**Q** 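One structure, as structure tokens, below. Some questions next.
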Amino acid sequence: WETVNKKRGVHLIRPENPGTHRFCYDNGPIPQRSCYDWSSQYTGSEYASLQISSLANKHIWQFKEMNMTYQLFEQAQRHLRLHAPTHLLALLLALFTALTLTLPALAQSGNSITVPDSEGNVGTWSSMALDSNGYPVVSYVDQTNKNLKLMHCNDVNCSGENESISTVVALLSTVDVKTSLVLDANGYPVISYTINGDNFDVDLGLARCNDPNCSGDDESITTPDTAGRVGYWTSLALDGNGYPVVAYQDVDADDLKLMHCNDLYCSGGNESITSPDTVGDVGRRPSLVLDSNGHPVVSYQGQNKLKIMHCNDPNCSGSDESIVIVDASSRTGDYSSLALDSNGYPVVAYHDGATGKFDLKVAHCNDVNCSGDDETITAVDTAGRVGYWISMALDSNDYPVISYRGVDDELKLMVCNDVSCVGGDESTALPDPNTRIQMTSLVLDSNGYPFVSYYDLGRGDLRLLHCGTPDC
């Protein structure tokens, strides 16, 4: 049989050789043909049915096998070509295998992978949190329309293509606009972000929404630091009053900066802004958490090394903070992601970019300030050029769970079986092996199962992984 829809670019064609079937699709902004071949002994197409239709400029491929129904949503402008076998069930098996390997609507091993936003080139610099229902809330950048966007899902997997997606603020430029998202006590999003303006101006921006979805075009938008080119690599936390605390880099001075606002909206132009580390080129890609006293703890790359600062006051003022080089190896500390264990000791996942290495490393300190030069440092993944775009959380046992980019630019997940990831026997998974990714953001749900938002570099989409087990 043959079905051709030239307007939509969809072709279903019976092949010359009925003993094999072939699945091909064009992938990415610049089409790249990928094909897969199978042979099958299966017959009995009475167990399956196939429906092809279009809705809102999307192809909907819905196919049923036995009592299970699967759906694939694919944008119309991405041409999809299927070469079908004689028996329909064999086609279904081929489709199911291909889709579980390559396309977003289906996932392996009980994992859910969805593409909640694919309108244009979207999904860079995502930052994710979970609301009180465990539903994902994600801030990210729309490169096509130059907007900072907020997605609030209405289910745990962001499935159904009916999530709330709002434009929070229009951007003059989307170059290196990193976002950092936290939910306040009401579940309303608070986002720090980089403002890249005209004449190479770079400022720190803060958006505070007055509803869970940032809808209504009436959110609070402020620019609390405009002194030079500032606001790169922002990392946000909220203090006990809900006031924003932001770590970021001053790229003119190559300094680490810390802002602690004295109100919910960082308005008034009178926030506490300090530069607690100014020694050399410091402050790259900071990761901020607050300790039990509300004092900032920040990991970052400084002087091409991993540094950790633990402030002794909420504003990091007084020029007497604890600042320690945790890993003095050359070209380490980039892409750092920080958490505090149950003792308040810092745990950091980071990239070791030394020539010939390019590893993922974990440092677990044995005191609150990482002092003494006796911290546990482990190279946990050394299999090629790995350890970029890192995001980390600690599970209920204080074991690190880390998302990052693998050797083939794929999403990789590591779940450690001890607090310091030692022993070389950690669990690793490739839950989305055929997607080139960047910019991951990881959180754990109430069961300890990982959520990861990330950018699909090939297709220009926002993707979301929800693991079906603690180790994916």
Side-chain angles (χ1 to χ4, degrees), residues 125-140 148-153 164 166 168-169 178-195 203-226 230-231 233-248 257-274 276 286-298 309-317 337-340 344 393-394 441 443-446 451:
W125 304 111
S126 71
S127 180
M128 178 167 56
L130 301 181
D131 69 13
S132 58
N133 294 312
Y135 299 168
V137 184
V138 186
S139 62
Y140 57 99
L148 172 63
K149 299 179 78 170
L150 189 286
M151 177 184 69
H152 195 162
C153 299
S164 169
S166 303
V168 179
V169 63
K178 185 180 186 295
T179 77
S180 184
L181 167 74
V182 178
L183 302 183
D184 69 14
N186 296 311
Y188 299 170
V190 184
I191 309 167
S192 65
Y193 62 99
T194 309
I195 302 173
D203 298 327
L204 174 65
L206 188 101
R208 187 160 201 139
C209 299
N210 55 16
D211 63 89
N213 297 332
C214 299
S215 59
D217 296 323
D218 55 353
E219 318 312 321
S220 169
I221 308 294
T222 56
T223 310
D225 192 352
T226 61
V230 295
W233 321 115
T234 75
S235 183
L236 169 72
L238 301 181
D239 69 13
N241 296 311
Y243 298 170
V245 184
V246 187
Y248 54 102
K257 298 192 77 170
L258 193 290
M259 177 184 71
H260 194 164
C261 298
N262 56 15
D263 62 89
L264 295 172
Y265 306 104
C266 303
S267 58
N270 57 350
E271 318 312 320
S272 169
I273 298 177
T274 58
S287 181
L288 164 74
V289 295
L290 303 181
D291 69 13
S292 58
N293 296 310
H295 298 174
V297 184
V298 188
M309 175 182 72
H310 193 167
C311 299
N312 56 16
D313 64 90
N315 296 332
C316 302
S317 58
S337 183
L338 169 71
L340 301 182
L394 302 182
S441 179
V443 297
L444 302 180
D445 69 13
S446 58
F451 271 101

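These values consider heavy atoms only, across backbone and side chains, with no hydrogens, waters or symmetry-generated copies. As the structure is a prediction and not an experimental result, all values here were calculated from the model.
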**Q** Enter the distance from Leu206:CG to Ile195:CD1 here, rounded to the nearest 0.5 Å.
**A**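 Here the rounded value is 9.5 Å.
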**Q** Which pair of non-hydrogen atoms, one from Pro224 and one from Glu271, has the smallest distance, and what is that distance?
**A**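 Looking at all heavy atoms of both residues, the closest pair is CB-CG, 4.4 Å.
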**Q** Could you walk me through whether Val246 and Leu258 satisfy the side chain to side chain contact (heavy atoms under 4.5 Å, CB included) test, starting with their C-alpha distance in whole Å, then the side-chain angles of each, then the deciding distance to 0.1 Å, before giving a yes or no?
**A** CA-CA 6 Å; Val246 187; Leu258 193 290; over 6 Å; no
**Q** Is the number of heavy atoms from other residues, nucleotides or ligands within 6.0 Å of CG (Asp217) greater than 12?
**A**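 Open.
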**Q** How close do Leu288 and Val245 get, counting heavy atoms only, and between which atoms?
**A**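 Scanning both residues, the minimum pair turns out to be CD2-O, 3.3 Å.
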**Q** For the side chain of Ser220 and the backbone of Ala207, is there at least one donor-acceptor N/O pair under 3.5 Å apart?
**A**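 Pair absent, no side-chain N/O of Ser220 close to backbone of Ala207.
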**Q** Restricting to non-hydrogen atoms, name the atom on Leu290 and the atom on Pro296 that form the minimum distance, rounded to 0.1 Å.
**A**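 Shortest heavy-atom contact: CD2-CA, 3.8 Å.
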**Q** What distance do Met151 atom CE and Ser126 atom OG have between them, rounded to the nearest 0.5 Å?
**A**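 It comes to 8.5 Å.
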**Q** Within this structure, what is the CG-OG distance for the pair Asp211 and Ser164, rounded to the nearest 0.5 Å?
**A**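 Spacing of CG (Asp211) from OG (Ser164) equals 8.0 Å.
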**Q** Side chains of Asp291 and His310: do they bring a donor and an acceptor to under 3.5 Å?
**A**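 Per modelled atom types, Asp291 and His310 side chains form a pair under 3.5 Å.
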**Q** By the definition side chain to side chain contact (heavy atoms under 4.5 Å, CB included), identify the one residue from Leu130, Leu238, Asp131 that meets it with Leu183.
**A**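 Exactly one option meets the side chain to side chain contact (heavy atoms under 4.5 Å, CB included) with Leu183, and it is Asp131.
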**Q** Indicate yes or no for a side-chain donor-acceptor contact from Lys178 to the backbone of Thr234 under 3.5 Å, with no hydrogens or angles considered.
**A**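 Side chain of Lys178 to backbone of Thr234, a donor-acceptor pair under 3.5 Å: yes, one is there.
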**Q** Kindly say whether Tyr265 contributes a backbone atom to a donor-acceptor pair with the side chain of Thr222 at under 3.5 angstrom?
**A**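 Flag set: sc Thr222 to bb Tyr265 pair under 3.5 Å.
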**Q** Give a yes or no on whether the backbone of Gly231 and the side-chain of Thr194 come within a donor-acceptor separation of less than 3.5 Å.
**A**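 Such a contact is found between Thr194 side chain and Gly231 backbone.
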**Q** Using modelled atom types and a 3.5 Å cut-off, is there a donor and acceptor pairing between side-chain atoms of His152 and backbone atoms of Val137?
**A**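 No: the side chain of His152 does not pair with the backbone of Val137.
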**Q** What distance separates Leu150 CG from Cys209 SG, expressed to the nearest 0.5 Å?
**A**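 So the gap between those two atoms works out to 5.5 Å.
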**Q** So, does Asn133 use its side chain to make a donor-acceptor pair with the main chain of Tyr135 at under 3.5 Å?
**A**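 Such a contact is absent between Asn133 side chain and Tyr135 backbone.
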**Q** Side chain to side chain contact (heavy atoms under 4.5 Å, CB included) between Leu181 and Met128: does it pass, once the steps are laid out?
**A** CA-CA 6 Å; Leu181 167 74; Met128 178 167 56; 5.6 Å; no
**Q** Among Leu204, Ile221, Val168, whose side chain to side chain contact (heavy atoms under 4.5 Å, CB included) with Tyr193 holds?
**A**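 Per the side chain to side chain contact (heavy atoms under 4.5 Å, CB included) rule, the option paired with Tyr193 is Ile221, out of Leu204, Ile221, Val168.
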**Q** Are the side chain of Asp184 and the backbone of Asn186 linked by a donor-acceptor contact shorter than 3.5 Å?
**A**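 Yes.
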